[in-house]
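Some notes on the structure that comes next.
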Amino acid sequence: MWKKVDRLSPEELEQAARQMLENDAELAYDRDRHREILDAVRLRSDQLSTLLGEEIAVVDEARRALRRLWVVAALGLLVACLLVLGAALWIDGTPFQSRTANVTFASGLAVLGMIAVAMRWAAIRRRGESAARELRTALLAPLRALIRLVISERQEEDERWGSTLRTSKAPALVELHLQDTIPSRTYERLRTFIGEHESSAIGLAGARGSGKTTLMRQLRLDKDLDFHVALVSAPVQYSAVEFTRLIHNELAQVGLKPGEAALIRHRMVAPTLRAVLRTLLASVVLFFMITLWIYDKNRPVPDALDLGWTGFAAVVLGALIIGFMLSRGWVLFQTRTRLTVPPRTVRELCLQQLEFLRWSTTVERSASTALKIGGTGFDGGGKLSRTEREITHAESVQALRQFIDQLLALSNKPVVICVDELDKLANPAEAVEAINGLKDLFHVAKAHFVLSVSTDAMHNFAARGVPVRDVFDSAFDTIISVGPLSMKESQTLLSRRARDFSTVFMLFCHAWSGGHARDLIRTARACVELKRELKDGEEATVALLSRRVLRADLREVVDATVEKLRGDHGADDDRADDRADDRANDRGRDLLDQVLAFQESLEDESAPLRDLVEASTFPSDAGPVAPEAQPAATLAWYARIAGLCERLFAVARPPAAWQSEAMGQAVVALAEARSSLGRHPRVIERRLKRAVDACDRV
């Protein structure tokens, strides 16, 4: 028995890493240290094997199938040789009247067997090549990220803590699904809760881009968590039945062998191409048969039962046709019986469920009677046709519950169903309906449900009178808030996406993004892009780039606030008929004037940002704030945090100062203040005060 492989080959991994180091301009590094980089990559190959477990399993399965085929081919060749040898020594008349006919017939059977083996070998070989290509494609992104991390770890101390940005190319500083499995406190809490309970319903709440989808993907990649994990993204247009069928289908595909679901889909994607290939093959066979017939027509025939080359080809072709018809009949028989025969394995169960979800069933019965005497009489007939009706939501839920029970019974592995992006639903009421619809599936033994929705969506829904928060709280056993990244997690994330990214710039990106994963990447990308725009003589220092990033972001927020207030002011003018509307219009004009005044002050590039903020008057956030005025109400806090960040990073410091404990505390305090935007004003005020005190101690 061939040993199962569940990890990358060290030789193949080293070859791929060497090609990247030699050919990828972003990863260009000292050639004398390539061996050191390659050794470090090989030591961390387990990280890549964990990320690519499914692709590795598909390649391994294809290789083992090819090796098993060679054993069958060798045995088949031995049988063919014995068959031809026996026919050559056969006495005349058994089974044909001439030895030539016997040899021809035996050779035909041998060639037929070899053709069947060759066709099977070609199919397995194509599958192996396709799997290998998919593995190489999937390997590129995580391997490149690992090489970046290794190179960053080997930077000299002065370079790592330098105040100048050396990174000029960072193609991975975008929202790619790199499956960054960085250590996460939130993930450990989620994983522990699932592992310690018989069943659970868990809600993931967090801002957009905070990493909720990444947490769900990590559940699928976790080898220590021996579960069936299905990840489903909520559709834009919600339908209760279709949503349940989507979950059902995804879970059924998870239960198949790695890559088997992809192979099933591959058989359906190119029917036109297969039809063209079959037509070409038929044309070649017809031409070959005509050629043999012309040859045999002019050849003397020793006896009547001599097959000849035409007869030999006809036997081979007829056997192929019969074999094809038998195989198609067997497939049809399996398809017809798959829904009625109780499954004995997880694979049979999942294939049965996929057939159930893919096809509808039509049952037809007909009967006829006839009586004729002397050519006259009567006849009659009847026909009954039954087509399955469209199932209801309750029936689709019941079918999914039964499938989960059967899957648990056959595999004895718990099930985790992750539903992502509920806030993507167009209608807020549909989010509530989706959660209520899934509640019927909750608390099945050994079944866990993880649903995510952004806190931004909750606030927006609540503003429109839709009680998503209440439904979210009441439906789940626990709600896990996806908090911001820690400073160490931010450093690991950026090191995997950009090489030679200074730790000092990482501190700035962490402070200004508040540890929010998406904003962290955007801030780092902005630093790299602004570096490329520097003029001759300008140095890419953290003082210069941080100042430009802060002002650019602040201008975008101010412009968006102006547009929001301008649209609201125009709407008020249309209905300014009474005194209350006049007061609202006056307040809208005051807010707009204050924001416009601050917008004009930002044009002064020479003045420190903190001085501009202190000299400006901002809209007050005291009392209830209308939705259209919320951006203006939080602008003051946003501008003060930006001014504080500029103050902290605008000073040139030696590496030792950036590594000090006081600097670390100031960065953490700034990140906490930045992540608190959107909360109660008192919370923002307290965190901002702590940030000011921490920056004063630096």
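Here the structure is a predicted model, which is why all the values come from computation and not from measurement. Starting from 1, each residue takes its place in the sequence as its number.
- Salt bridge status for E539 with R166: absent, with no side-chain N to carboxylate O gap under 4.0 Å.
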Salt bridge (Lys or Arg N to Asp or Glu O under 4.0 Å) between R160 and E156, worked out: CA-CA 6 Å; R160 185 181 306 174; E156 299 295 336; over 6 Å; no
Full working for side-chain contact (heavy atoms from CB on, under 4.5 Å) between S675 and R687: CA-CA 10 Å; S675 64; R687 292 193 177 184; 3.9 Å; yes
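- A donor-acceptor pair is defined here as one N or O able to donate and one able to accept, closer than 3.5 Å; such a pair exists between the side chain of S660 and the backbone of A657.
- For the atom pair CG (L493) and CZ (F501), the distance works out to 10.5 Å, reported to the nearest 0.5 Å.
- A donor-acceptor contact closer than 3.5 angstrom is absent between the side chains of D519 and W512.
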Full working for side-chain contact (heavy atoms from CB on, under 4.5 Å) between L554 and L609: CA-CA 10 Å; L554 194 53; L609 189 56; 3.8 Å; yes
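- Minimum interatomic distance between E250 and A230 (heavy atoms only, all atoms of both residues): CG-CB, 3.9 Å.
- Interatomic distance, CZ of F649 versus CG of L544, reported as 14.5 Å (0.5 Å rounding).
- Using a 4.0 Å cut-off between charged side-chain N and carboxylate O, E538 and R548 make a salt bridge.
- Applying the 6.0 Å contact sphere to CD of E153 captures more than 12 heavy atoms from other residues, nucleotides or ligands.
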From CA spacing to verdict: side-chain contact (heavy atoms from CB on, under 4.5 Å), V668, Q665: CA-CA 5 Å; V668 171; Q665 293 174 351; 5.8 Å; no
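- Without hydrogens or angle criteria, K531 side chain to L165 main chain gives a donor-acceptor distance under 3.5 Å.
- Within the structure, side-chain hydrogen bond (donor to acceptor under 3.5 Å, both in side chains) contacts touching residues 638-650 (residues at least two apart or in different chains) are R647-D696.
- With contacts defined as side-chain heavy-atom distances shorter than 4.5 Å, the pair T167/R499 does not qualify.
- Counting heavy atoms from C-beta on, the side chains of R522 and D553 never come closer than 4.5 Å.
- The closest side-chain donor-acceptor pair between S452 and D420 falls under 3.5 angstrom.
- When T192, T214, D222 are each tested for a side chain to side chain donor-acceptor pair (under 3.5 Å) with Y187, only one passes: D222.
- At distances below 3.5 Å, not a single donor-acceptor pair connects side-chain atoms of S495 with backbone N or O atoms of T492.
- Within 6.0 Å of CZ in R686 there are 12 or fewer heavy atoms belonging to other residues, nucleotides or ligands.
- Atom CG of residue L596 and atom CD of residue Q599 lie 6.0 Å apart, to the nearest 0.5 angstrom.
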Criterion side-chain contact (heavy atoms from CB on, under 4.5 Å) on L545 and L534, from CA distance to verdict: CA-CA 9 Å; L545 294 182; L534 293 179; 4.3 Å; yes
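- Checking side-chain atoms of S502 against main-chain N and O of V504 turns up a donor-acceptor pair under 3.5 Å.
- Crowding of R35 atom CZ: a count of heavy atoms from other residues, nucleotides or ligands under 6.0 Å exceeding 12.
- Interatomic distance, L520 CG to T523 OG1, rounded to the nearest 0.5 Å: 6.5 Å.
- For the pair E14 and R42, the salt-bridge criterion is met [side-chain N within less than 4.0 Å of a carboxylate O].
- Side-chain contact check for V698 versus L648: some heavy-atom pair is nearer than 4.5 Å.
- One N or O on the side chain of W658 and one on the backbone of R653 form a donor-acceptor pair closer than 3.5 Å.
- Of the inter-residue distances, the one linking L485 atom CG with Q491 atom CD reads 12.5 Å to the nearest 0.5 angstrom.
- Proximity of a side-chain donor or acceptor of E563 to a complementary backbone N or O of A560 within less than 3.5 Å is not detected.
- For the pair A17 and V41, the tightest heavy-atom approach, listed with the atom from each and the gap, is CB-CG1, 4.5 Å.
- The structure places NZ of K488 at 13.5 Å from NE2 of H510, a figure rounded to the nearest 0.5 Å.
- D39 places none of its side-chain heavy atoms less than 4.5 Å from the side chain of E36.
- Here the closest heavy-atom approach between residue L143 and residue A16 is recorded as CD2-CB, 3.8 Å.
- Between D604 and L612, the shortest heavy-atom distance links the atoms O-CD1, 4.0 Å.
- Across S233 and L246, no two heavy atoms sit closer than the pair O-CD2, 3.8 Å.
- Annotation: side chain of I641 is in contact with side chain of L677 (closest heavy-atom distance under 4.5 Å).
- Salt bridge annotation for K689-D693: present, with a cationic side-chain nitrogen under 4.0 angstrom from a carboxylate oxygen.
- In terms of heavy atoms, I480 sits closest to L190 at CD1-CA, 3.7 Å.
- No donor-acceptor pair under 3.5 Å is formed between the side chain of D611 and the backbone N or O of A607.
- With hydrogens and angles disregarded, no donor-acceptor distance shorter than 3.5 Å links the side chain of T503 to the backbone of M506.
- Scored by the side chain to side chain donor-acceptor pair (under 3.5 Å) test, E672 finds no partners at all (sequence neighbours excluded).
- For the pair E26 and R148, the salt-bridge criterion is met [side-chain N within less than 4.0 Å of a carboxylate O].
- Contact check for L204 versus L451: no side-chain heavy atoms found under the 4.5 Å cut-off.
- Residues H448 and I417 fail the side-chain proximity criterion, which asks for heavy atoms closer than 4.5 Å.
- L219 places a side-chain heavy atom less than 4.5 Å from the side chain of C418.
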